[in-house]
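Written below as structure tokens is the structure these notes are about.
In the text below, chain A, chain B and the rest are named by the order of the sequence lines, each starting its count at 1. Because the structure is predicted, anything quoted here is derived from the model rather than measured.
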2 protein chains.
Amino acid sequence: MRGKPTSLDIAHLAGVSQPTVSRALRGSPMVNEETRRRILAIAEQLNYKVDKNASGLRRQHAGTLALLLFEDPTPDESHINPFFFPMLGSITRACARHGQDLLISFQQFSDDWHAEYGDSHKADGLILLGYGDYLAHQGKLTKLVEQGTPFVRWGAVMPDQPGLSIGCDNVGGGRLAGEHLLAVGRRRIAFLGDASNHYPEFLDRYSGCDEALKAAGFSLDRALQVDAESAEDSGYAAALSLLGRGLPFDAVFAASDLIAIGAMHALQENGLRIPEDVAIVGFDDIPAARIATPALTTVVQDTIRAGELLVEALVHLVNGEPAERTRLPTSLVVRKSSGAVA
Amino acid sequence: MRGKPTSLDIAHLAGVSQPTVSRALRGSPMVNEETRRRILAIAEQLNYKVDKNASGLRRQHAGTLALLLFEDPTPDESHINPFFFPMLGSITRACARHGQDLLISFQQFSDDWHAEYGDSHKADGLILLGYGDYLAHQGKLTKLVEQGTPFVRWGAVMPDQPGLSIGCDNVGGGRLAGEHLLAVGRRRIAFLGDASNHYPEFLDRYSGCDEALKAAGFSLDRALQVDAESAEDSGYAAALSLLGRGLPFDAVFAASDLIAIGAMHALQENGLRIPEDVAIVGFDDIPAARIATPALTTVVQDTIRAGELLVEALVHLVNGEPAERTRLPTSLVVRKSSGAVA
DNA sequence: CTGAAAGCGCTTACAG
DNA sequence: CTGAAAGCGCTTACAG
């Protein structure tokens with residue numbers, strides 16, 4: 001028997017028909033127990049694996065999910081937000097548990113990715129990951145829904161959105177940051193990050209922080225808000241821009257850790273002490289947050305659970321079952337950058 | 001026409017036979033130019049995509065490569081070495097360029113992964129990534145070769161290895177580290193990392209550093225070598241163990257940046273100043289190396305090029321063409337941890 | 001509980 | 001340059 005063994009090979013060896021082999025392998029209840037055992041033993045011994053192409057063709061599905069990671073439109077060898085890496089691990093593991101293979105691809109937002117997967121039967125459903133301008137994105141999501149391509153995305157969870165989103169409670173996370181900064185005595189809190197409906201996650205973080213301040217009789221000052229994308233150099237530039245405004249501030253809430261780390265460099269280079277002069281809080285708890293000096297206080301999202309939920313929801317959708325929007329709780333890790341620990 | 005369009009749909013619309021559509025789409029030279037254009041236009045308009053399962057079944061290949069990332073046997077939600085992330089990006093892009101889809105999976109070394117892919121036609125070839133005990137690994141590589149599964153791995157490039165390896169010039173990198181430490185006046189250099197044939201990459205880095213020292217009339221002292229895996233806590237523990245030996249040293253060459261960063265924490269917590277008391281050099285240039293305080297001097301591997309080479313080599317192997325072992329050059333980024341900059 | 005038959009959507013000799 | 005035919009290896013009604 002040259003080449004890979006087929007179900008027909010096994011059928012011959014087991015003295016049964018090929019469909020019976022197929023049934024036995026798929027665990028059909030209408031196969032005699034003793035027959036099944038014989039077939040399984042032979043399959044095991046030949047190291048037989050069901051041919052994915054044949055099976056997929058016949059069943060009209062791929063047994064595969066696709067993870068699309070959107071990169072910010074930086075044309076260089078772009079660094080994807082490290083926040084997504086643990087999620088990647090969690091997603092791969094969850095796929096394995098659900099018997100799904102995982103295709104991965106990096107996309108530009110501008111790419112023509114929306115037709116690529118479903119129509120070619122490469123994947124039964126899509127997982128969409130990546131920050132970026134939501135409004136620019138939205139059109140394609142609508143198109144996916146029209147095509148009937150099952151998909152889930154990580155991002156802001158909003159009422160009337162095309163498709164299914166799973167995200168963390170960004171408002172709650174912002175509130176945690178605001179409450180903490182109030183607790184350590186800060187009042188003039190700058191916000192670094194694009195707080196518009198183009199970046200609804202950032203906007204929610206802003207709003208949450210503002211809520212916390214308002215509950216204490218204060219509020220965020222728009223004059224202390226500077227746009228920034230989730231990247232170190234963007235945070236660096238935003239902090240310089242903030243300093244250039246000449247307004248007093250005693251804390252920075254950055255929309256992401258990358259922004260926070262970039263901002264810390266800019267502030268420190270300008271002679272400001274962290275946390276004495278400026279307390280910093282970030283968002284994401286990427287590995288670098290612990291390594292930064294001082295270590296960064298930040299809002300933690302449960303990326304592991306996030307990955308699992310994304311896969312579970314998508315598997316439901318692929319099977320035509322309902323799945324729910326979910327908003328995951330956040331928590332705060334307090335480190336030295338906010339001055340709350342020695 | 002409900003459902004996805006097929007080549008037969010296009011054939012009807014174009015008034016040709018279905019095989020002609022197939023030929024036109026695949027760019028066969030024996031299709032009339034005007035016919036081809038008509039077919040392509042219709043395909044475009046219907047948003048037709050070749051069914052991957054059908055095509056793969058007929059052609060007996062998958063058009064897919066699989067990336068297997070091996071995790072260290074830590075049972076927790078293990079953190080994959082961040083060194084591999086840019087490589088991941090590079091690999092996905094290179095696959096896209098070669099028209100290959102990329103399947104990704106995290107594996108334990110102990111898993112039974114070697115039969116999973118080839119036999120099921122899920123992927124035509126494997127890319128193996130991940131540090132780990134090489135000797136434990138080797139048996140499965142041999143098995144892959146026997147099965148005829150095309151694969152490439154990132155790792156130490158050695159003479160009589162099963163299969164094709166691509167790696168960086170670890171000896172050269174170690175030499176750079178050694179020469180640099182000599183140049184900044186250090187003589188008693190500790191090495192943190194498992195320098196045995198279980199971890200040939202680390203061993204090569206050790207040897208390279210030793211070579212550099214010997215060329216200047218010195219050498220590495222085995223009494224200053226402590227085993228460590230590529231993880232922060234392992235580096236932390238190794239540094240403590242080194243301190244416990246009570247031997248004088250004025251520099252640490254860590255087998256990886258993660259080890260170096262863990263070690264820096266341990267040394268600093270024990271009152272040692274970096275670089276004044278101990279100069280540190282790492283290996284990999286992960287993002288955290290820049291963020292560490294002081295910023296870490298380290299040996300850079302060209303991960304972008306590495307990813308491209310891995311994919312190119314694997315595509316050659318899949319097509320039955322020869323591919324070569326390659327050893328990529330390394331370079332040194334000097335930062336504050338080695339005391340060479342202000 | 002099992003088998004004979006059909007068919008998923010392509011690609012590729014084989015004729016013309 | 002184009003078409004009719006076969007077949008990749010499965011899964012799933014349909015009979016029995």
Side-chain angles (χ1 to χ4, degrees), chain A residues 1-40 42-43 46-64 99 101 117-124, chain B residues 1-40 42-43 46-64 99 101 118-122 124:
Chain A
M1 188 182 319
R2 65 273 97 115
K4 314 293 180 202
T6 70
S7 58
L8 199 59
D9 296 324
I10 297 180
H12 287 326
L13 290 170
V16 296
S17 73
Q18 180 270 330
T20 298
V21 172
S22 175
R23 289 189 192 101
L25 258 23
R26 314 201 75 246
S28 158
M30 37 181 206
V31 174
N32 179 289
E33 194 45 41
E34 135 71 8
T35 311
R36 176 204 311 288
R37 253 197 295 276
R38 198 165 71 246
I39 292 172
L40 257 43
I42 295 173
L46 293 188
N47 226 303
Y48 170 80
K49 302 282 174 201
V50 174
D51 184 296
K52 246 218 144 189
N53 288 135
S55 167
L57 174 58
R58 180 58 232 262
R59 307 175 71 185
Q60 291 295 295
H61 82 341
T64 302
D101 287 325
Y117 288 86
D119 287 349
S120 62
H121 282 272
K122 281 182 186 176
D124 303 315
Chain B
M1 186 183 319
R2 65 275 96 118
K4 314 292 181 202
T6 70
S7 58
L8 199 58
D9 297 323
I10 297 181
H12 288 327
L13 290 170
V16 297
S17 74
Q18 181 270 329
T20 297
V21 172
S22 176
R23 289 189 191 102
L25 258 23
R26 314 202 74 246
S28 158
M30 37 182 207
V31 174
N32 179 289
E33 195 45 40
E34 134 72 8
T35 311
R36 176 204 311 289
R37 253 196 297 275
R38 199 165 68 247
I39 292 172
L40 256 44
I42 296 173
L46 293 188
N47 227 304
Y48 170 80
K49 302 283 175 202
V50 173
D51 184 297
K52 246 218 145 191
N53 288 136
S55 167
L57 174 58
R58 181 56 232 263
R59 306 175 70 186
Q60 293 294 294
H61 82 341
T64 302
D101 287 325
D119 287 350
S120 62
H121 282 273
K122 281 182 186 176
D124 304 315

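Base pairing of D:dA4 is not made with any nucleotide, judged by Watson-Crick or G-U wobble geometry with both donor-acceptor distances under 3.5 Å. Across every strand in view, D:dA13 sits unpaired, with no contact that passes the Watson-Crick or G-U test at under 3.5 angstrom.
Between C:dC10 and B:S55, no contact under 4.0 Å exists linking OP1 or OP2 to a side-chain N or O. Between A:Q60 and D:dT12 there is no side-chain N or O to OP1 or OP2 distance below 4.0 Å. Applying the 4.0 Å criterion to OP1 and OP2 of D:dC1, one finds that B:T20 has every side-chain N and O outside that range. Of the side-chain N and O atoms in A:Y48, one or more sit less than 4.0 angstrom from OP1 or OP2 of D:dC10.
One interatomic measurement links the two molecules: NZ of A:K4 to C1' of D:dC8, which rounds to 15 Å at whole-angstrom precision. Between A:M30 atom CE and D:dA15 atom C1' the separation is 12 Å, expressed in whole Å. Taking atom CG of B:D9 as the reference point, atom P of C:dG9 lies 9 Å away to the nearest angstrom. Following rounding to the nearest Å, A:Q18 (CD) and C:dC1 (P) show an atom-to-atom distance of 20 Å. B:H121 has its NE2 atom 9 Å from the C1' atom of D:dC8, to the nearest Å. Atoms NZ (A:K49) and C1' (D:dC10) sit 17 Å apart, rounded to a whole Å. Distance, A:L8 CG to D:dG7 P: 13 Å, rounded to whole Å. Distance, A:R23 CZ to C:dA4 C1': 10 Å, rounded to whole Å.
Using a 4.0 Å heavy-atom distance criterion, A:S22 is classed as a base contact. Across all strands shown, B:S7 has heavy atoms under 4.0 Å from sugar-phosphate atoms exclusively, and none from any base. Nucleic acid contact for A:R26: sugar-phosphate only, since backbone atoms but no base atoms lie under 4.0 Å from a heavy atom of the residue.
B:R38 places a side-chain N or O within 3.5 Å of a backbone atom of B:A14 that can act as its donor or acceptor partner. For the pair B:R36 (side chain) and B:S28 (backbone), a donor-acceptor distance under 3.5 Å is present. Without hydrogens or angle criteria, A:D124 side chain to A:H61 main chain gives no donor-acceptor distance under 3.5 Å.
Taking all atoms of both residues into account, the shortest heavy-atom contact from B:L40 to B:A24 is CD1-O, 4.0 Å.
Under the 3.5 Å distance criterion, with hydrogens and angles disregarded, a donor-acceptor pair is assigned to the side chains of A:T64 and A:K52.
Rounded to the nearest 0.5 Å, atoms CG (B:L57) and CG (B:D51) are 10.0 Å apart.
For A:D51, whose side chain is taken as the heavy atoms from C-beta onward, the closest listed nucleotide among D:dC10, D:dG3, C:dT12 is D:dC10.
Comparing B:L25 and A:S17, the nucleotide of DNA chain C nearest to each residue sits closer to the 5' end for A:S17. DNA chain D is contacted by both B:E33 and B:L57; B:E33 maps to the nucleotide lying nearer its 5′ end (nearest heavy atom per residue). Nucleotides of DNA chain D nearest to B:V16 and B:A54 differ in position, and the one nearer the 5' end is that of B:V16.
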